[in-house]
J.: 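Before anything else, here's the structure in question.
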Amino acid sequence: MPGIDPSVAPTGVGCLECDAAGGWWVHLRRCAQCGHVGCCDTSPSQHATAHFKASGHPYIQSFEPGESWFWNFETETVSEGPELTAPDSHPADQPIPGPTDRLPGDWQQHLNG
């Protein structure tokens, strides 16, 4: 399927940019074309959407345990897709939001609606 490469591994178990900057996230999304793991639009930095805008890679998959849905940024629709290279989510024991040691005390006030 154009825009999806099932053979590419994820870039890690956390948001690539948030990890580099010492930030935090709510939920994680994985680019289905290159494996970039970014934070969701509820997260303060919205790195998954920023990755789409910079790269043009149209599909992300949820990187949450037990979720397998895909989002197409171009059509703004949820769909099913092929099984991607493992791992298919962050570790189940990884807190949401997280990482815990990076959350500000008023983290709820930083969420995007």
J.: Tell me who clusters with Leu28, hydrophobic residues only, linked when side chains sit under 4.5 Å apart either directly or through other members.
T.: Trp25, Val37, Phe63
J.: Out of curiosity, Gln61 CD to Ser89 OG, how far, rounded to the nearest 0.5 Å?
T.: 9.5 Å
J.: Can any side-chain N or O of Ser62 pair as donor or acceptor with the backbone N or O of Trp69 at less than 3.5 Å?
T.: no
J.: For a quick test of reading the model, state the closest non-hydrogen atom pair linking Gly38 to Cys15 and the distance between them.
T.: CA-SG, 3.8 Å
J.: At what distance, to the nearest 0.5 angstrom, does SG of Cys39 lie from CH2 of Trp24?
T.: 9.5 Å
J.: Quick one: CZ on Phe52 to SG on Cys31, what's the gap to the nearest 0.5 Å?
T.: 10.5 Å
J.: Output all residues satisfying side chain to side chain contact (heavy atoms under 4.5 Å, CB included) with Asn112, sequence neighbours left out; order by chain, then residue number.
T.: Gln46
J.: Could you pull out every donor-acceptor pair under 3.5 Å between side chains of residues 73-83 and any protein atom, sequence neighbours left out?
T.:
| residue | atom | partner | partner atom | Å |
| --- | --- | --- | --- | --- |
| Thr75 | OG1 | Asn72 | ND2 | 3.4 |
| Thr75 | OG1 | Thr77 | OG1 | 2.6 |

J.: Not counting sequence neighbours, which residues clear salt bridge (charged side-chain N to carboxylate O under 4.0 Å, His left out) with Asp88? List them please.
T.: none
J.: Output all residues satisfying side-chain hydrogen bond (donor to acceptor under 3.5 Å, both in side chains) with Ser45, sequence neighbours left out; order by chain, then residue number.
T.: none
J.: Among residues two or more places apart or on two chains, list those pairs meeting ring-ring contact (aromatic ring centres under 6.0 Å, His included) that have a residue in residues 90-113.
T.: none
J.: Could you measure the distance from the CG atom of Asp41 to the OG1 atom of Thr49? Nearest 0.5 Å is fine.
T.: 3.0 Å
J.: Do Pro87 and Pro10 come within less than 4.5 Å of each other through their side chains, counting heavy atoms only?
T.: yes
J.: Do Ser43 side-chain atoms and Val26 backbone N/O form a donor-acceptor pair below 3.5 Å?
T.: yes
J.: Per the salt bridge (Lys or Arg N to Asp or Glu O under 4.0 Å) rule, what does the pair list look like for residues 25-37, sequence neighbours excluded?
T.: none
J.: Tell me, please, which residues at least two apart from Ala32 pass side chain to side chain contact (heavy atoms under 4.5 Å, CB included).
T.: Ile4, Tyr59, Phe70, Leu84
J.: Going by ring pair (Phe, Tyr, Trp, His ring centres under 6.0 Å), name the residues that satisfy it together with His27, two or more places apart in sequence or in a different chain.
T.: none
J.: Please list, one pair per line, the donor and acceptor atoms closer than 3.5 Å that link side chains of residues 91-101 to other protein atoms, with sequence neighbours excluded.
T.:
| residue | atom | partner | partner atom | Å |
| --- | --- | --- | --- | --- |
| Gln94 | NE2 | Val13 | O | 3.2 |

J.: Quick one: list whatever passes ring pair (Phe, Tyr, Trp, His ring centres under 6.0 Å) with His36, sequence neighbours left out.
T.: His51
J.: For residues 6-16, which residue pairs qualify under side chain to side chain donor-acceptor pair (under 3.5 Å), counting only residues two or more places apart or in two chains?
T.: Asp5-Ser7
J.: Please name the pair of heavy atoms, one in His47 and one in Cys18, separated by the smallest distance, quoted to 0.1 Å.
T.: ND1-SG, 3.5 Å
